[in-house]
Every structure is written in C-alpha cells, then in structure tokens.
There are 2 protein chains.
Amino acid sequence: MASQRRTTIHDVAALAGVSRSAVSKAMNGQEGLAPGTRKKILAAAATLDWSPSPAASTLRGSRSRSVGLVISRGPDLLAADAFFAVLIAGAESVLAPRRYGLQLHLLSTAQSAESETYRQLTRDRRVDGFILTESRIRDARFELLRELGAPFVLIGEPWQDDRVEHILVSDAMAGMRDLAQHLVQAGHRRILYVGGPEDLVHTLRRREAFARALEDAGGPLPRVVSAAFDAKDARRATREALAVPERPTVIVYGNDTMAIAGAGEAQRLGFRVPEDVAVVGYDNLPMGEWVYPTITTVAQDLHAIGAAAAAALLRELGDTSVEIPPVAPSTLVIRESTTLDRA
Amino acid sequence: MASQRRTTIHDVAALAGVSRSAVSKAMNGQEGLAPGTRKKILAAAATLDWSPSPAASTLRGSRSRSVGLVISRGPDLLAADAFFAVLIAGAESVLAPRRYGLQLHLLSTAQSAESETYRQLTRDRRVDGFILTESRIRDARFELLRELGAPFVLIGEPWQDDRVEHILVSDAMAGMRDLAQHLVQAGHRRILYVGGPEDLVHTLRRREAFARALEDAGGPLPRVVSAAFDAKDARRATREALAVPERPTVIVYGNDTMAIAGAGEAQRLGFRVPEDVAVVGYDNLPMGEWVYPTITTVAQDLHAIGAAAAAALLRELGDTSVEIPPVAPSTLVIRESTTLDRA
DNA sequence: TTGAAAGCGCTAACAA
DNA sequence: TTGTTAGCGCTTTCAA
C-alpha cells in the first residue's frame, strides 16, 4: 500500500490555482471572493472530496463541527424512554448532511456530573454548542452555559424567570383540546391527571393545558397527582387511585411510559381497560401501539422537534443557510385504551 | 471580564519545572521519566485542572479521545428499542471518567450511508475507534474498518467466516437452559419460536441455543418462524400462529419488543396470556415489567456489555490501565407471562 | 480581490 | 532522563 498522504487544503488550493486562504474563505462562505473564484474552489473541493479537518479548525479557534447533547436522568428512565432516540434521530437528520457530529453524554448520576460534563466539553472545545432537552423550572443550565460562552438551544418552553432566546415549543394545547372533548363526549366525569416531575416545565404546561381544555369542553375539574415519570411511580399512583370507591373513570398520564405502566397495573388489579378505567398517555411513542389495549395519546412529533432544535442551533452558530423546519402542534391519537368495547 | 488565556501544556510544564514534552509523556503514561518527575507533573496538571486538548492531539496525529457508535436500523426499531440506551449508558460509564467522548450516529437510512459515515468519521479523525453493535452474518463492516485502519470492538459473536479479534459475547445458553426447563416443567408441548432478522448472528445463536436446551430438557422440537424484530412483524407472526387449531401453548420471541407486541396481539384476539398462550422475550428491557402481564424473559446485562465493549476498545487503543469488566451469562427472569394463574 | 505568514496546543523524533 | 524543535491543517489578520 502506497503512503497515502491525506488531502489537505493545500491540494485544493493547488487544483483551483488559488491560495489556501481563498479556499478557507470559500468553504466558510465568507465575503471577499470573486464569484468565479469561489465556484472554482468549491468545484476543486468536490473533485478531491475534501472538507476541512475539524481538528485543525478547532485548534485554530474555529468550529469543531460537533454539537453536544447531555442527558441526565435516572438509569431506569434513561433505559426506558424511546423519547430520546427519536429526538436524536431527528437531530441527526439535520446534522449529518452538514458534516456535524453529535457528542452524546448519558449521565445516570448526580447533578454535579452534569455541569462538569458541560464544562469539560466546552473547555476541550469538543462541541460548538448544545441542545438542551426538557426545560426545567429555574433551569441552572442556562447560567452555566452563558458563563461558559456556549451557544445552546432549548427544547421546550423556558420557565418564566429564564430569559432564553432560543426555544422550541410543541404546543400542547391543540392535542389537549381534542382530548378533553373526546373524554367529555365519552361521558367521563371523574378524571385523574397523573403529571410528571414537578421540576419540569412541561409537567406544568400539560397539566394546565389539560385543565383549561377540560373546562372549555364543559368537563369536570380533574383531580391531579404527581409522579416521577417512571413506571414504578405510575403504578403506585394508579393503585392508590383505584383503591377508593369514587375511583376515576379515566386516568390521563403525563407520558406514555406512565400510561402503559398504569394500564398494566389497573389490569393486574382486575380492572378492565378501558371499560372500568380508561387510560391516556402523552408523546406517542411506538410502544403505545404494541401493548393491549393500545394507548390513546397526545402525539408530538419528536423527530421534527429534534430536527428543528439542531437547525436552530446551527443557525445560532452562524450557519444561516439552514432552515428551521416547522414543528406541528400536538394532536390526539385515539386508540383502544379509551374506546375499546368488548361488550 | 479579564482575558482568560486557557491553560495549556506550557503552564503545567512551568509549574512543574519541566519541559512540555515531559508533561506530554507523563500524561500519556509513557516510558522514560523519573518517577518523581512524573508525580510532580501529574500533581501540577491536577492543580491547574488541565488535560490535553483533544483537538491539538488529534491534529498532531495522536488520539482524539472519542469513540464512534454508528447505529443503523429502520426508524421504527430505532425509536422503539431501549436496547441501545442501556448499552450507551454502560459505555459512558467507562468512557466519561477517562475523558473519552462518544460520537453517536443514528442512521435510519440505507446501507450506503453507513459506510459513508464510517469513512467520514475516520477521515476527519473524529474518533479513535468504533464500537459495533449487533454482529451480522458476513459483516461488511469488518473489512471496511480494516481498510480504514480503524480499531473496533464488536458486541456479539462474529460469524464463522469473519476473523475478528476483539469480541464480546454474552452467552445465551445459560438462560435458554433454564427457560427450556421452565417450559417443559410447565407442561408445554407445542412451542413456537419467533426469531429475529436472519442476517443477525444472535438470531441464529439464540434459536440454536433454545432448540438445544429444549432437547436437553426432554422437550418437544419447537416450530420456528422469523420476523423482522419489529412490532408489526411480531403481531403478524402471532396472528398466524394462533389462527390454526394446533396452536402453540407458548411463544418464545427473539426479543422483548416482539414479545410485548405478540402478547398484545394474542390478547386482542381474545386469548388469555399465559393461560391460553404463554409468552417469553429476550433482553430484559425495563418495558417488560410495565405491561400486563409482565414478560418472562432471558436477561442479558446490557449495561455491563456496553461497559465491557468500551473498555475493550480503550485497551485496543493502547490504554492498558483499563480492566475489561466481566459480562455475566444470560439468566432467566420468570414473570407473569408464563406463570400467572387467574384461576 | 487575493496571498503570505503566524500560530492554535500538542506529540515525537532527536539531541543533549 | 530530560529538553529542543518541527510540524499536524486550518483560519485570520495584514499587506499587496
């Protein structure tokens, strides 16, 4: 095997008959190049199948062409939730064609590890910016990242006190409105809402949206309890809810994971779903279609959200050629867990 | 804000009173340094909270301190399977403390994108090596990565034709033996095995192991069909299996995803699980504990497997200080889907 | 509008 | 055993 020297900016410059700095300018879409020169350079780069070395760019103080995603959750949740896989696949669909990489960090441990991870990734210049998932109430990550000077995009709605410029919301109201009507029409009068962790903004938003939608639809006031978003907690909440005489006729959960676990527990206790107690989730994870009964849910397009977040971050990083794809509002997906009738 | 110059190898060298090359040697655990000098240097590095810049190391031709994980599967499967989340969390537990990053690429598209991804990651020197998941029959990735000169570790057993040096197996036989006994003792005589995609090595291994274990336990020959590992296919296979008069009394699926979907479909058709038909999965994903009935399954410790794969790769990359943690053999986890009796 | 040159932080070959 | 030095490939002043 011959000693294959790697293609560098030098080769491209030579082929195009220009200087290396011209090539750099052309590749980074900068001003001050004759259109013809630019074209010639891009053609040469394509011919040689060359693109700038991320390591060299990083070292020089420019972009690393990589974005960071730090996910910190308990090990159970992490394993459980297909949520992130879909989100990541969506982000990838925007990043990969632009030769951006994704640095993933899954932390199943403490908070301290989280900020340390952000610090290190920034300090080592491994990433140009971050995608933050799951907006928290009084989110400490914003201040940290501003202090680190790292650009970021938040998936979700920032809490009122947080001044975050770049956000992305998938409106819960649309789906909740349809859900409320669906439940009221079905004649449900005792409704339990099992929300997620109290430190997440969307826990509040979904709960509020549901309560408002229910009111608008002329339905009853829902009873509300909180759970930790994991299956164990959902089971506990379900068991307690069904143990009383005035038990709910429908339980709406803050996500699909809890809804599936809740429906399972209800059945274990001898209740038929949905005849004795109906069940509703949120997210529309694929899993909801596998179980029996299939789970009625409020769908959000996580793939689109992931793509939009990545696009917004790239724009934030200065790539104005990226369009931020629209994120559709949530919709109701009616399945067996609210409609099945085995007569 | 003052102009915070970043800490570099120079500062550490100055503090320790040595040259920069000495610092480099100390940090990379190389020979030819007096023990005292080494100690002094490491102390200085710790004091300044410094570690080498990955970008500079990469550019210099040394390690990037990052490993790649390319996952290519259909979008449905990708979203569905908690499998990868656990594996990744396990890998992280080894990589993060050693300041290694993980570059993740989720491809929901064609094969061509896969090899292109490996090529680019290697060419851009974004990663020092790869973790490959899911050993395939006549796996084309081995040749590609050898050609690219990229070190890698395969999770799973290589197919016989593939000469792959670095592998990691979680033995299926142990769990299958216990499963066979469990089923035979329960008196099952008509057994269906629904295996995964035919191009995966573990599809064959699990199927063989199950058949052998069943024979050893004095059980009947299982009937065998294949599915695509996704929920839709599992449902189809289940429907067909239960449509005939001589229907199986237990269906063993190649993974938990299929088992859950299969159990759901059986119930939808009016069969009780496990009274009319029992169900068994493989993997022991958290999900299996949420549904009703909970899914009996052969457990493999995916977290440990991910950690072991990362450790093996780091050793392959020359970090001999990493111990490869042992991966326990599979075990049987008996749950409701084979035992519940509602009398 | 274009090109020359300096240097980002590190490692390894070589010299002392 | 330790230090000196020459780049790795790129971007960005600055000068032409």
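- Between A:Tyr118 and A:Phe130, the ring planes are perpendicular. Angles over 60° get that label, and only those under 30° would be called parallel.
- Contact check, A:Arg6 against D:dG9: a side-chain N or O comes under 4.0 Å of OP1 or OP2.
- Candidate nucleotides D:dC10, D:dT2, C:dA5 were compared by shortest atom distance to the side chain of A:Ser21, and C:dA5 ranks first.
- Checked by atom type, the side-chain pair B:Glu157/B:Ser135 shows no donor-acceptor distance below 3.5 Å.
- Counting only heavy atoms from C-beta on, B:Ile9 has its side chain closest to C:dC10 among D:dT11, C:dC10, C:dT2.
- Residue A:Leu33 is in sugar-phosphate contact alone, with no base atom involved, counting any heavy-atom pair closer than 4.0 Å across all strands shown.
- As judged by a 4.0 angstrom heavy-atom cut-off over every strand, B:Glu31 is placed among residues making no nucleic acid contact.
- Donor-acceptor pairing under 3.5 Å, judged by distance alone, is absent between the side chain of B:Thr37 and the base of D:dT2.
- In the set C:dC10, C:dT11, D:dT11, the nucleotide with an atom closest to the side chain of B:Ser24 is C:dT11.
- Side-chain atoms of B:Ser64 and B:Arg126 include no donor-acceptor pair closer than 3.5 Å.
- The NZ-P distance, from B:Lys40 to D:dG3, rounds to 8 Å in whole Å.
- Using a 4.0 Å heavy-atom criterion, one finds that A:Gly61 contacts no nucleic acid atom at all.
- Within the nucleic acid shown, A:Val18 comes within 4.0 Å of sugar-phosphate atoms alone, with no base atom in reach, counting heavy atoms only.
- Side-chain contact between B:Leu15 and B:Val12 is absent, with no heavy atoms from C-beta onward closer than 4.5 Å.
- Within the 4.0 angstrom heavy-atom criterion, only backbone atoms of the sugar-phosphate kind lie near A:Thr8; the bases stay farther away.
- Ranking D:dT11, C:dT11, D:dG3 by closeness to the A:Arg60 side chain, first place goes to D:dT11.
- In this structure, A:Lys25 and A:His10 both approach DNA chain D, and ranking their closest nucleotides by distance from the 5' end singles out A:His10.
- Contact annotation: A:Ser53 side-chain N/O to D:dG9 OP1/OP2 distance is not under 4.0 Å.
- The side chain of B:Ala34 lies closest to D:dT2 when the candidates are D:dT2, C:dT11, D:dT11.
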